[in-house]
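Everything below concerns the one structure shown next.
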There are 2 protein chains.
Amino acid sequence: MTARASRTQRRTRIQLENEQRILDAALDVFSLHGFRGSTIDQIAESAGMSKPNLLYYFRTKEAIHGELIGRLMEKWLDPLREMDEAGDPVQEIRRYILRKLEMARDYPRESRLFANEILQGAPRIEGVLKGPLKQLVDEKAEIIKRWMADEKLAKCDPHHLIFSIWATTQHYADFDVQVRAVLGTHKSGAGRFDDAARFLDFLFFDGLRPTGQSGKSSPS
Amino acid sequence: MTARASRTQRRTRIQLENEQRILDAALDVFSLHGFRGSTIDQIAESAGMSKPNLLYYFRTKEAIHGELIGRLMEKWLDPLREMDEAGDPVQEIRRYILRKLEMARDYPRESRLFANEILQGAPRIEGVLKGPLKQLVDEKAEIIKRWMADEKLAKCDPHHLIFSIWATTQHYADFDVQVRAVLGTHKSGAGRFDDAARFLDFLFFDGLRPTGQSGKSSPS
DNA sequence: TGTAATCTTTACCAATCGGTCAAAAATAAT
DNA sequence: ATTATTTTTGACCGATTGGTAAAGATTACA
């Protein structure tokens, strides 16, 4: 039995090191070119390793990608899991937005890997989306709905609220090239995310305020 | 000189037909797999055409992709161009959001093509982003800033406001698979976009209201 | 109808793709 | 030091890639 096949703990120091180097290089490549657009040679070269050597640790291209996606999905939903019904609704939502924005800032490759996967029809994670993801979102949407019923938040569709949080935060990772091109080079990287945090706080919490008076202008 | 090389009007009926078929098929394929992940054979088959026949109309894979991207960029920025300083600020922003959402609904392939291009580093449209796009956005951001100075809109960073509109609307095209997976199959396609329009109106215009009283809760 | 231009196909090419294999090199255990 | 094991390598495979050459089929036009 080859080394990598053993899921039974027995990992050499070299194994752990090289697996990490491969996954890191693969994250670079996959997040930039998508699954089909990436080649094993590219990943191997980026990892400073020969192709057969890489294939000694991961038997197929799918195996590398699958491992990355698996680890990603674990970490990706953590911020939403942390949303606590017992907490203050406004602070819970605010914290969720901030955590997601931090993840876009600190793990842009992971965000792009996920975006690539979804864009390309999510053939490899369809089950997760319709299963654990949907379940988690439905659960949290119920909590948000109760918050709204208790007048702690302005009423709106909680599912679409979650979508909008995903969209606005991940935008800073997925469309980073465009954001930087439009803002120009005068803004440092950190400054962009500070501005984004400030803006998102404005956008969501001048809309999500508990007090009821709406500013709608067309009574129609 | 081959037929397709002549940019000088002389297009046969067959040329126009086949070019359209090819571009339509290529839009399907490119928007789903990105540039590197798409193959000429795939596009040819999807267009019901042999590969050499396709290459008679477009000499390279890049040529097809370039033509698509070019036509896309034309249409893509129209809604923003239509934003009129002379109009009512709230209605102008509201209309822009609605137009962008309609484009996400009616041209999801184009949205995904663009997203793929940006995700993969925008190597083929970097110039457009830093040139015409940045110029247009800067121009409209100035208008929005003046609206805010005139107290017609709540004050915020206009660039990030535009980003958030892009992010929230295009999300419904680019992440459609995820949206459908989370919402489940009980919602028809049209209904999703109606809900989205309603929600986005809530999100932006309970925050972008002209009247100044903010609902911030942490006075710090 | 004849003919020139346009359109389509078959056969093919070199390069690259994901992946295999056996043997060599490095490492660890005794 | 010897052996057993793990790691690395170069040479190679069939399939697919983007693209070409040239001949055949079709069309437009006189």
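Letters A, B, ... are given to chains in the order of the sequence lines, protein chains preceding strands, and every chain is numbered from 1.
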Looking across every strand, which nucleic acid part, if any, lies under 4.0 Å from Arg36(A) by heavy atom: base, sugar-phosphate, or nothing? nothing
Measure from CD1 on Ile64(B) to P on dG18(D) and round the result to the nearest Å. 10 Å
Touch class at under 4.0 angstrom, heavy-atom based, for Glu17(B) against every strand present: nothing
Check this for me: does any side-chain nitrogen of one of Asp78(B) and Lys75(B) sit under 4.0 Å from a carboxylate oxygen of the other? no
Rounded to the Å, how far apart are Gln42(B) CD and dC17(C) P? 16 Å
Think Arg59(B) has a side-chain N or O under 4.0 angstrom from the OP1 or OP2 of dT20(D)? no
Taking atom P of dA26(C) as reference, at what distance in whole Å does atom CZ of Arg13(A) sit? 15 Å
Looking at dA11(C), dG18(D), dC21(C), which one has an atom nearest to any side-chain atom of Pro52(A)? dC21(C)
If only side-chain N and O atoms of Tyr56(B) are considered, is one of them under 4.0 Å from the OP1 or OP2 phosphate oxygen of dT8(C)? no
Tyr57(B) side chain: which of dA11(D), dT8(C), dG18(D) is closest? dT8(C)
Whole-Å distance, Ile14(A) CD1 to dA29(C) C1', equals 15 Å
Hey, does the Lys NZ or Arg CZ of Arg94(B) hover above the aromatic six-ring of Phe205(B), less than 6.0 Å from the centre and inside 45° of the axis? yes
Can you tell me if the side-chain N/O atoms of Ser50(A) get under 4.0 Å from OP1 or OP2 in dT9(D)? yes
Would you kindly check if the NZ (Lys) or CZ (Arg) of Arg192(A) is within the cone defined by 45 degrees around the ring axis of Tyr172(A) and under 6.0 Å from the six-membered ring centre? no
Within less than 4.0 Å of OP1 or OP2 of dT8(D), is there a side-chain N or O belonging to Asn18(A)? yes
Between the base of dG19(C) and the side chain of Lys61(A), is there any donor-acceptor pair under 3.5 Å? no
Are OP1 or OP2 of dC7(C) and a side-chain N or O of Asn53(B) less than 4.0 angstrom apart? no
Figure out the CE/P separation between Met49(B) and dC7(C), and round it to whole Å. 11 Å
Which value, rounded to the nearest 0.5 Å, describes the distance between Ile22(A) atom CD1 and Glu67(A) atom CD? 11.0 Å
Starting at CD of Glu19(A) and ending at C1' of dT7(D), how long is that distance when rounded to a whole Å? 13 Å
Can you check the Ile22(B) CD1 to dC7(C) P distance for me, whole Å? 11 Å
Could you state the atom-to-atom distance from CG of Leu54(A) to P of dT7(D) in whole Å? 14 Å
When you check the phosphate oxygens OP1 and OP2 of dC7(C), does a side-chain N or O of Gln15(B) lie under 4.0 Å from one of them? yes
Is there a side chain to side chain contact (heavy atoms under 4.5 Å, CB included) between Gln170(A) and Trp76(A)? Walk through the geometry before answering. CA-CA 11 Å; Gln170(A) 288 172 5; Trp76(A) 216 236; 3.3 Å; yes
What's the closest nucleotide to the side chain of Thr39(A) if the choices are dC17(C), dA11(C), dG19(D)? dC17(C)
